[in-house]
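Just so it is clear, the values below take in all heavy atoms, side chains as well, and ignore hydrogens, waters and symmetry mates.
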Amino acid sequence: MKTEKKIGIWGFSRVGSAAARYYLHNGIRPDIFDANPLSPEQQAWCAEHNLRVWQPNALESFLQQQDAIVP
């Protein structure tokens, strides 16, 4: 499932983290946005997979830079 489109995941709890694993498995590196701070484990996982994690004050920029959003 290779794509040049930017995929954003809004929320990184159970569904968001499952979506991130799905996209990574299919060769897509999504961006992550969550209004709540990520746990140290979530931060480490995102860093390990080189995922960009957007800060809550950057919501507008996050939305503008994605071609599709997974809620």
Return the NE2 to CD1 distance between His49 and Ile32, rounded to the nearest 0.5 Å. 11.0 Å
List in chain and number order the residues that pass side chain to side chain contact (heavy atoms under 4.5 Å, CB included) with Val70, two or more places apart in sequence or in another chain; answer none if no residue qualifies. Ile7, Ile9, Ala19, Tyr23
Which residues share a salt bridge (Lys or Arg N to Asp or Glu O under 4.0 Å) with Asp31, sequence neighbours left out: Lys6
Other members of the hydrophobic cluster containing Leu63, with the 4.5 Å side-chain heavy-atom rule, please. Trp10, Phe33, Trp54, Leu59, Phe62, Ile69
Which heavy-atom pair separates [X] from [Y] by the least distance, and what is that distance?
X: Ala35; Y: Pro56; value: O-CG, 3.5 Å
X: Ala20; Y: Pro30; value: CA-CG, 4.2 Å
X: Cys46; Y: Leu38; value: SG-CD1, 4.2 Å
X: Ser17; Y: Arg14; value: OG-O, 3.2 Å

Are Tyr22 and Phe12 connected into the same hydrophobic cluster when the rule is that any two of I, L, V, M, F, W, Y join if their side-chain heavy atoms are below 4.5 Å apart? yes
Where at least one partner belongs to residues 32-61, residue pairs that pass salt bridge (Lys or Arg N to Asp or Glu O under 4.0 Å), sequence neighbours excluded: none
Sub-4.5 Å side-chain heavy-atom contact between Trp45 and Leu51: yes
